[in-house]
Amino acid sequence: MAAPFHLRSLQALEMAVRCGSFVKAADELGITPAAVGQRVKALEDHLGITLLLRTRGGIRPTLDLEQALPALWRAFTNLEEGMEQLEAQREQDIHIAAPSDIVDLWLMPRLAAFRAAHRNVRMCINGEGDAPLRLGRVDVELGFELAPSPDVEPLFRDVIVPLASPLNIIRLAERDPASRLEGFPLLHLDLYRNDPAGLSWPDWLRANKVSRAAPERGMRFQRAAAALDAVAADAGLTLCGLALAATALADNRAALAWPVATGLLSRNPLSVRSSSQAAAHVRRFRVWLLEEGAKTQAWLAAQEKS
């Protein structure tokens with residue numbers, strides 16, 4: 001009996017035992033139940049022993065097979081791991097869709113580490129990258145308002161805080177606390193407009209009992225990156241997620257105008273959506289995103305305590 005025939009028969013046998021029926025095993029293998037039965041029967045004929053018992057409750061292994069099952073399971077696990085390692089050597093594409101601010105301010109500062117560990121992975125993010133553009137559904141989606149489903153998992157919930165330039169921080173400190181914001185332009189960011197927690201300047205002022213005439217007035221920005229650039233240029237104060245502003249804070253382009261404890265917690269977390277049936281390299285990327293999300297959440301918690 002040729003080795004490929006052995007492997008096909010052993011695969012059918014192992015899957016039948018794992019699933020408890022030829023029908024379920026056939027679904028997993030993409031063949032007919034009759035073909036599963038034929039492969040098992042051929043192996044039994046070759047060995048001259050019975051491997052499966054057919055009962056009303058389904059199929060179960062004979063004593064002879066039970067003794068060999070641990071070795072079979074180890075062998076198929078090793079084969080799967082070997083195949084994953086081989087798959088990891090070929091070029092693999094990941095197509096990602098995400099809000100531009102999430103890409104520029106959160107994903108990109110972290111992505112170099114993933115790319116260094118997975119040099120064969122090509123990426124197309126919002127239609128751009130080293131992977132060729134393709135039509136159809138993306139592999140991974142990031143967003144604040146992803147509809148709940150088994151394929152969606154949260155990464156982190158940001159803390160929305162008031163930010164100003166270092167120069168404006170000095171100016172604010174020189175003013176009376178009761179009217180500190182009067183006369184300072186308020187920059188409004190639409191990124192959080194649909195969050196049910198209420199993350200606007202009027203909401204923040206009310207929550208922190210800070211007075212400011214006409215808090216709804218001021219320039220509006222659709223992009224957090226643009227609002228942070230305006231802050232760095234001393235144009236005013238904005239409310240922005242602490243995780244998204246991390247690089248601007250580290251570069252001293254922005255600073256906290258009030259303690260983190262005064263921030264508003266977003267109701268909508270940044271979440272990831274990808275199919276659990278996706279290719280192995282896409283699943284690895286999802287796991288990496290979840291790990292990075294957990295690190296971000298821990299960093300946010302540390303900032304609130306500091």
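Below, all heavy atoms of this structure are taken into account, side chains as well, without hydrogens, waters or symmetry copies. FYI, the numbering just counts along the sequence from 1.
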Next on the checklist: Checking W201 against L181 for the side-chain contact (heavy atoms from CB on, under 4.5 Å) test, could you report, in this order, the C-alpha distance in whole Å, the side-chain angles of both residues, the deciding distance, and whether it holds?
Outcome noted: CA-CA 11 Å; W201 271 115; L181 278 180; 4.3 Å; yes

Item to check | Hphob cluster co-occupancy, L256 + L167, side-chain heavy atoms under 4.5 angstrom | outcome: no

Checklist entry - Just by modelled atom types, is the P196 backbone N or O under 3.5 Å from a matching donor or acceptor in the N268 side chain? => result no

Item to check | Non-hydrogen atoms of L264 and G198 that approach each other most closely | outcome: CD1-O, 3.4 Å

Item to check | Check ion pair E153-R286 (N to O, under 4.0 angstrom) | outcome: yes

Checklist entry - Under 3.5 Å, is there a donor-acceptor pair between the side chain of R283 and the main chain of A278? => result yes

Next on the checklist: Side-chain heavy atoms nearer than 4.5 Å, only ILVMFWY residues, links allowed to pass through others: does that put V152 and L107 together?
Outcome noted: no

Next on the checklist: Please check: side-chain N/O of R54 versus main-chain N/O of I59, any donor-acceptor pairing under 3.5 Å?
Outcome noted: no

Item to check | Qualifying residues under side chain to side chain contact (heavy atoms under 4.5 Å, CB included), relative to Q11, sequence neighbours excluded | outcome: L29, R39, F76

Checklist outcome for this item: Output for pair (R157 CZ, T296 OG1), nearest 0.5 Å, gives 15.0 Å

Item to check | Side-chain ion pair, R273 and D139, N-O less than 4.0 Å | outcome: no

Item to check | Cluster overlap L53 with L47, hydrophobic side-chain contacts below 4.5 Å | outcome: no

Checklist entry - Would you say the side chain of L239 lies within less than 4.5 Å of the side chain of L189, judging by non-hydrogen atoms? => result no

Item to check | Single-linkage hydrophobic cluster L290~V138, side-chain heavy atoms < 4.5 angstrom | outcome: no

Checklist outcome for this item: Shortest non-hydrogen pair, L191 vs A224, comes out as CD2-CB, 4.3 Å

Item to check | Heavy-atom side-chain contact between F22 and T32 under 4.5 Å | outcome: no

Next on the checklist: Hydrogens and angles aside, do S266 and D158 bring a side-chain donor and acceptor to less than 3.5 Å of each other?
Outcome noted: no

Checklist outcome for this item: Correct closest heavy-atom pair for L51 and L65 would be O-CD2, 3.2 Å

Next on the checklist: Do L163 and L237 have side chains that approach each other closer than 4.5 Å (heavy atoms only, starting at C-beta)?
Outcome noted: no

Checklist entry - Do NZ/NE/NH1/NH2 and the carboxylate oxygens of R253 and D229 come within less than 4.0 Å? => result yes

Checklist entry - Is the side chain of H188 donor-acceptor paired with the backbone N or O of S200 at a distance under 3.5 Å, no angle test? => result no

Item to check | side-chain contact (heavy atoms from CB on, under 4.5 Å) evaluation trace for V161 with W204 | outcome: CA-CA 9 Å; V161 293; W204 184 89; over 6 Å; no

Checklist entry - Are any of the side-chain heavy atoms of L244 and I102 separated by less than 4.5 Å? => result yes

Checklist entry - Charged N to carboxylate O below 4.0 Å: is that the case for D45 and K41? => result yes

Checklist entry - Got a salt bridge between R267 and D195, using NZ or NE/NH1/NH2 to carboxylate O under 4.0 Å? => result no

Checklist entry - Of the non-hydrogen atoms in F285 and I94, which two are nearest, and what is the gap between them? => result CB-CD1, 3.7 Å

Checklist entry - Would F114 and H118 count as a ring-ring contact (aromatic ring centres under 6.0 Å, His included) if you check the C-alpha gap in whole Å, the side-chain angles of each, and the deciding distance to 0.1 Å? => result CA-CA 6 Å; F114 181 86; H118 304 84; 4.2 Å; yes

Next on the checklist: Taking the side chain as everything from C-beta on, heavy atoms only, tell me whether L228 gets closer than 4.5 Å to L105.
Outcome noted: yes

Next on the checklist: If hydrophobic clusters are built from ILVMFWY residues whose side chains come within less than 4.5 Å, do V103 and L146 share one?
Outcome noted: no

Next on the checklist: So does S274 get a backbone contact from the side chain of E141, meaning a donor-acceptor N/O pair under 3.5 Å?
Outcome noted: no

Item to check | Sidechain-backbone polar pair: R175 side chain, R180 backbone, donor-acceptor under 3.5 Å | outcome: yes

Item to check | Residue R119 excluded, over 12 heavy atoms near CZ under 6.0 Å | outcome: no

Checklist entry - Passes side-chain contact (heavy atoms from CB on, under 4.5 Å), M123 versus D130? Steps please. => result CA-CA 6 Å; M123 294 191 175; D130 51 359; 4.3 Å; yes

Checklist entry - How far apart are the C-alpha atoms of N194 and E145, what are their side-chain angles, what is the distance that settles it, and do they pass the side-chain contact (heavy atoms from CB on, under 4.5 Å) test? => result CA-CA 9 Å; N194 296 325; E145 301 173 56; 3.6 Å; yes

Next on the checklist: Other residues, nucleotides and ligands only: do more than 12 of their heavy atoms fall within 6.0 Å of CD on E216?
Outcome noted: yes

Next on the checklist: Between Y192 (side chain only) and C240 (backbone N and O only), is there a donor and an acceptor less than 3.5 Å apart?
Outcome noted: no

Checklist entry - Within a strict 4.5 Å, meaning less than it, do heavy atoms of the H95 and V140 side chains meet? => result no

Item to check | Taking every non-hydrogen atom, the tightest pair across A257 and L172 | outcome: CB-CD1, 4.1 Å

Item to check | Any donor-acceptor N/O pair, H281 side chain to D93 backbone, under 3.5 Å | outcome: yes

Checklist entry - Where does the angle between the aromatic ring planes of F156 and W106 fall among parallel (under 30°), tilted (30 to 60°) and perpendicular (over 60°)? => result tilted

Checklist entry - Taking the side chain from T62 and the backbone from L52, do they hold a donor-acceptor pair closer than 3.5 Å? => result no

Next on the checklist: I want to check something: taking the side chain as every heavy atom from C-beta on, are V260 and L300 in contact at a cut-off of under 4.5 Å?
Outcome noted: no

Next on the checklist: Tell me whether K24 is salt-bridged to D27, with the criterion being a basic N under 4.0 Å from an acidic carboxylate O.
Outcome noted: no

Checklist outcome for this item: Looking only at heavy atoms, the pair that brings I169 and A255 closest together is CG1-CB, 3.8 Å

Checklist entry - Crowded around E182 CD? As in, over 12 foreign heavy atoms under 6.0 Å? => result yes

Next on the checklist: Looking at R110, I'd like to know if its CZ atom is crowded, meaning that more than 12 non-hydrogen atoms belonging to other residues, nucleotides or ligands lie closer than 6.0 Å.
Outcome noted: yes

Item to check | Note, L187 side chain near V231 side chain (heavy atom, < 4.5 Å) | outcome: yes

What side-chain donor-acceptor pairs closer than 3.5 Å can you find for residues 66-75, not counting sequence neighbours?
from: W73; atom 1: NE1; to: E14; atom 2: OE2; distance (Å): 3.1

